[in-house]
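Each ligand, and each atom within it, is numbered from 1 in the order the structure gives.
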Amino acid sequence: MQKISNRIYSVGVNDDDKVLFEGLWPLPYGVSYNSYLVVDEKIALIDTVEAGFEEEFLENIHSAIGERDIDYLVVNHMEPDHSSLVGYMLDRYPQLRIIANAKTLPMLQGYYGTPQEKVLVVKDGESINLGTATLSFHMIPMVHWPETMVTWLAEENTVFSADAFGTFGVVGEDITDNEDTFELYRDEMIRYYSNIVGKYGIPVQSALKKLSGLPVERICSTHGPVWEKNVSEVVALYDKLSRYEVGRGVCIVYGSMYGNTAAAADALAIELESRGIPCAVHDLAGNNAGELGISGALRDVFKYDTIIAGSPTYNNGIFPPVETFMRALKSRLIKDRRFYAFGSYTWSGASVNQLNALAQEMNFELLGSGTSFAQAYTKDKFNASAIADLI
Ligand code: FEO
């Protein structure tokens, strides 16, 4: 438990044990499930934490408010990493009223069998009074689920923002940021955004527009630090990411069966680096694959303007992990990227043409027809310098 202000307590937990967030995304630095108490004449709990942390969560709550009752549980977001202790809290605080919206209600009933009479359904912009403070509720649909809303505590210029502005990575003893926090979490925030929220750039833009009228001085997200000193940096990063804005640089993403496509990727990376072009390399398959896999590749797609995909021809098509990566780009509506494809084959090359076709479906700018080479990698078959000239 940490006291954030005279009214706000952080009562969430760190999860160091989960290996894959949503069953997909690696967590080398863990993740936090943040929950907050707003303590006034009445008490509101904003979101819960994932199941498995019941004892720690309850201890945190007791440390903040002792045996006082909780009057409201605000469910900003229904994804179970934040809502799965709704039933547990109702059992322990039977007088609790759940604050939810019309889209949340059937999810509460479907996931947890929550009785309708326990739920106070609020509309966009509605508020409740806690005594000296007011909580108002604002829908931000599709950031990144349809029921998502944020809660605004006007008396503290604080937004409880659900997953928005969230990041992977556990939080330290002091959840509130300092001068170094933004740089420390920046990459994990981009990875979180690209993995979880990346498809929803337009809804994020709508949410930012909606929140832009509020004098936000503190952001309490469901994941990662509480932002006070870096509010403008965090909002600017979300704005940039949701506009799909990127800088100059190359993201090389490849898979390799016997090391030939990998050797080409390495040669190209060395050539680009020798020219001072920012370059991230992601091997999606095999023993040398990076720990983050496609998760890290997606992060860097949200940083750089050029994607170079490498795939051997496999079953007359694209090597499966690389095809999955390309589909992940499409599902995130990635746009305005430059693209180049390469890869090895043994008897018939098909992967490069198929990669180019997928890139064209996304209206990427093809920087050439690609390089498809037979059997072993050699400098003659794969001219890294000529390819770098295209970048
Ligand atoms: Fe952290 Fe969308 O749940």
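A side-chain N or O of T104 and one of N101 form a donor-acceptor pair less than 3.5 Å apart. In summary, the side chains of D163 and H82 do present a donor paired with an acceptor at a separation below 3.5 Å, with no hydrogens or angles considered. Side-chain contact of T181 with R186: a donor-acceptor pair under 3.5 Å is absent, judged by distance alone.
An angle of 90° is found at atom 1 (Fe) of ligand 1 between H82 atom NE2 and D81 atom OD2, rounded to 10°. Geometry at atom 2 (Fe) of ligand 1: OD2/D163 and NE2/H144 form an angle of 90°, nearest 10 degrees.
Atom 1 (Fe) of ligand 1 lies at 2.8 Å or more from every N, O or S atom belonging to H77. At a cut-off of 2.8 Å, E79 coordinates atom 2 (Fe) of ligand 1 through an N, O or S atom.
Note: Y200 and H144 have tilted aromatic rings, judged against thresholds of 30 and 60 degrees for the angle between ring planes.
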